Amino acid sequence: MKKLINDPADVLADALRGLAKAHPELDVDHEHRVIYRREPKAQGKVALLSGGGSGHEPLHGGFVGLGMLDAACAGEMFTSPTPDQVVAATKGADRGAGVLHIVKNYTGDVMNFEMAAEIAAAETGVEVSTVVVADDVAVQDSLYTAGRRGVGLTVLMEKIVGAAAEEGRDLAAVTALAEKLNERGRSMGMALTSCTVPAAGKPTFDLPEDEIEMGVGIHGEPGRKRVPLAPASEIAAQLVEPILADRDFTGEPVIVMLNGMGGTPLSELHLMYGEVAELLERAGVEVARTLVGDYITSLDMAGCSVTLLAADDEILQLWDAPVRTPGLRWLA
């Protein structure tokens with residue numbers, strides 16, 4: 001294992017210290033491992049909280065800031081945040097209008113966020129609403145979930161719902177929007193290599209040089225199947241076709257994210273996006289917005305994922321709204 005670390009047991013604590021120094025616009029609670037905006041949004045607006053195991057950066061801490069999250073909980077590598085972390089973050093993020101928890105569909109995440117919501121409500125009276133992201137078409141159930149895994153749609157949801165909360169929409173409205181996005185988004189990923197969790201010191205799974213894992217999860221969970229390594233055009237088809245088979249994306253514009261898993265050069269991601277774009281054009285899918293890069297990663301895994309989100313005027317307007325976070329930023 002070759003990694004830029006000190007002690008494997010201290011990777012998260014060291015990374016959070018570095019994040020705080022690199023981004024003075026963030027405020028890091030090192031005791032609870034929660035990342036906040038240094039300047040909270042106005043009182044009376046809905047707060048957005050997400051989180052999960054570390055190793056998926058910039059998700060989630062890199063999306064704290066104007067137009068996205070108010071706070072993010074950082075669990076240990078590939079490990080759900082504890083209820084105590086989520087309780088602290090819920091209380092710290094609340095601006096008096098309730099808190100929306102955006103939770104990826106993994107059993108530990110769902111259980112711990114649910115428990116924390118009940119505790120926070122009982123202790124402070126804060127109103128908490130929860131949306132569980134479940135967009136992975138690769139497998140219906142996995143070792144880690146009941147139902148579909150939550151993957152790339154999480155990034156798009158945090159951006160779009162974050163803009164709605166910034167506008168001042170109430171908790172019921174931002175929750176309804178998140179549920180609308182959940183129905184409209186689908187994802188599929190693949191891996192060229194395994195990732196290596198620092199505490200383990202070796203690859204999570206064995207993947208021969210001439211094979212790829214189609215439908216891999218963001219923690220290295222098995223996908224649909226292992227297939228021989230193929231040209232990018234064929235790999236793109238194996239990602240796009242299951243998504244289009246699962247939902248009809250014609251008739252409305254779509255937002256497309258071509259996401260890197262952490263170990264793939266941007267040149268290859270752009271090459272893959274070119275193949276995906278051609279496939280969508282041939283399928284009659286109109287692309288309105290694109291995002292290419294590393295946004296929800298799996299440590300050092302080489303590979304990529306595709307996320308499609310059926311958009312309408314409301315969704316596109318919220319997507320285009322200003323955002324200023326370490327991992328995503330643009331002006332209106």
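Computed from a predicted model, the values in this text were never measured in an experiment.
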Got [X] and [Y] here, is their nearest side-chain heavy-atom distance under 4.5 Å?
{"X": "Thr193", "Y": "Leu207", "result": "no"}
{"X": "Val139", "Y": "Glu221", "result": "no"}
{"X": "Val126", "Y": "Lys91", "result": "no"}
{"X": "His101", "Y": "Thr90", "result": "yes"}
{"X": "Leu266", "Y": "His270", "result": "yes"}
{"X": "Val46", "Y": "Arg169", "result": "no"}
{"X": "Leu291", "Y": "Leu328", "result": "yes"}
{"X": "Leu192", "Y": "Leu229", "result": "yes"}

Are the side chain of [X] and the backbone of [Y] linked by a donor-acceptor contact shorter than 3.5 Å?
{"X": "Arg329", "Y": "Thr325", "answer": "yes"}
{"X": "Glu268", "Y": "Pro265", "answer": "no"}
{"X": "Thr79", "Y": "Gly75", "answer": "no"}
{"X": "Arg37", "Y": "Leu69", "answer": "yes"}
{"X": "Ser50", "Y": "Ile102", "answer": "yes"}
{"X": "Tyr106", "Y": "Gly150", "answer": "yes"}
{"X": "Trp330", "Y": "Ala321", "answer": "yes"}
{"X": "His60", "Y": "Gly51", "answer": "yes"}
{"X": "Thr297", "Y": "Glu57", "answer": "yes"}
{"X": "Thr154", "Y": "Val151", "answer": "yes"}

When rounded to the nearest 0.5 angstrom, what is the spacing between [atom1] in [X] and [atom2] in [Y]?
{"X": "Asp206", "Y": "Ser194", "atom1": "CG", "atom2": "OG", "result": "8.5 Å"}
{"X": "Leu280", "Y": "Glu286", "atom1": "CG", "atom2": "CD", "result": "11.5 Å"}
{"X": "Ser267", "Y": "Met272", "atom1": "OG", "atom2": "CE", "result": "12.5 Å"}
{"X": "Arg184", "Y": "Met157", "atom1": "CZ", "atom2": "CE", "result": "12.0 Å"}
{"X": "Glu314", "Y": "Leu316", "atom1": "CD", "atom2": "CG", "result": "10.0 Å"}
{"X": "His56", "Y": "Ile218", "atom1": "NE2", "atom2": "CD1", "result": "4.0 Å"}

Which pair of heavy atoms, one from [X] and one from [Y], lies closest together, and at what distance?
{"X": "Cys195", "Y": "Ser298", "answer": "CB-O, 3.2 Å"}
{"X": "Ala97", "Y": "Gly44", "answer": "CB-O, 3.4 Å"}
{"X": "Leu271", "Y": "Ala232", "answer": "CD2-CB, 3.4 Å"}
{"X": "Ala89", "Y": "Leu49", "answer": "CB-CD1, 3.6 Å"}
{"X": "Gly61", "Y": "Leu26", "answer": "O-CD1, 4.3 Å"}
{"X": "Val64", "Y": "Ala71", "answer": "CG2-C, 4.0 Å"}

Tell me whether the count of non-hydrogen atoms from other residues, nucleotides or ligands lying under 6.0 Å of [atom1] in [X] goes above 12.
{"X": "Glu281", "atom1": "CD", "value": "no"}
{"X": "Asp313", "atom1": "CG", "value": "no"}
{"X": "Lys225", "atom1": "NZ", "value": "no"}
{"X": "Glu209", "atom1": "CD", "value": "no"}

I'd like to know if [X] and [Y] make a salt bridge, using a cut-off of under 4.0 Å between side-chain N and carboxylate O.
{"X": "Glu39", "Y": "Arg324", "answer": "no"}
{"X": "Arg224", "Y": "Glu241", "answer": "no"}
{"X": "Arg95", "Y": "Asp70", "answer": "no"}

Common cluster, [X]/[Y], ILVMFWY with side-chain heavy-atom separation under 4.5 Å:
{"X": "Ile255", "Y": "Leu258", "value": "no"}
{"X": "Val287", "Y": "Leu156", "value": "no"}
{"X": "Leu309", "Y": "Val276", "value": "no"}
{"X": "Val99", "Y": "Ile160", "value": "no"}
{"X": "Leu100", "Y": "Leu59", "value": "yes"}

**Request:** Apply the test side chain to side chain contact (heavy atoms under 4.5 Å, CB included) to residues Asp135 and Asn105: give CA-CA distance (whole Å), side-chain angles for both, the deciding distance (0.1 Å), then the verdict.
**Result:** CA-CA 9 Å; Asp135 57 310; Asn105 188 31; over 6 Å; no

**Request:** Consider only side-chain N and O atoms of Thr204 and His219, and report whether a donor and an acceptor are under 3.5 Å apart.
**Result:**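 His219 and Thr204 do not have a side-chain donor-acceptor pair below 3.5 Å.
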
**Prompt:** Looking only at side chains, do Asp109 and Ser80 share a donor and an acceptor under 3.5 Å apart?
**Reply:**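 Side-chain D/A pair, Asp109 to Ser80: present.
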
**Item:** side chain to side chain contact (heavy atoms under 4.5 Å, CB included) between Phe113 and Val132, intermediate numbers included
**Value:** CA-CA 10 Å; Phe113 270 86; Val132 178; over 6 Å; no

**Request:** List, by chain and number, the other hydrophobic cluster members for Met1, where Ile, Leu, Val, Met, Phe, Trp and Tyr join if side-chain heavy atoms come within less than 4.5 Å, directly or indirectly.
**Result:**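 Traced through the cluster, Met1 reaches Ile5, Val11, Met77, Phe78, Val197, Leu299.
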
**Request:** Could you walk me through whether Thr307 and Tyr295 pass side chain to side chain contact (heavy atoms under 4.5 Å, CB included), step by step?
**Result:** CA-CA 11 Å; Thr307 299; Tyr295 295 101; over 6 Å; no

**Partner of Ser305 by side-chain contact (heavy atoms from CB on, under 4.5 Å), out of Met188, Met261, Met190** =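 Output: one option passes, namely Met261.
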
**Asked** Going through the distances and angles, do Val87 and Glu123 end up as a side chain to side chain contact (heavy atoms under 4.5 Å, CB included)?
**Response** CA-CA 10 Å; Val87 169; Glu123 292 182 352; 4.2 Å; yes

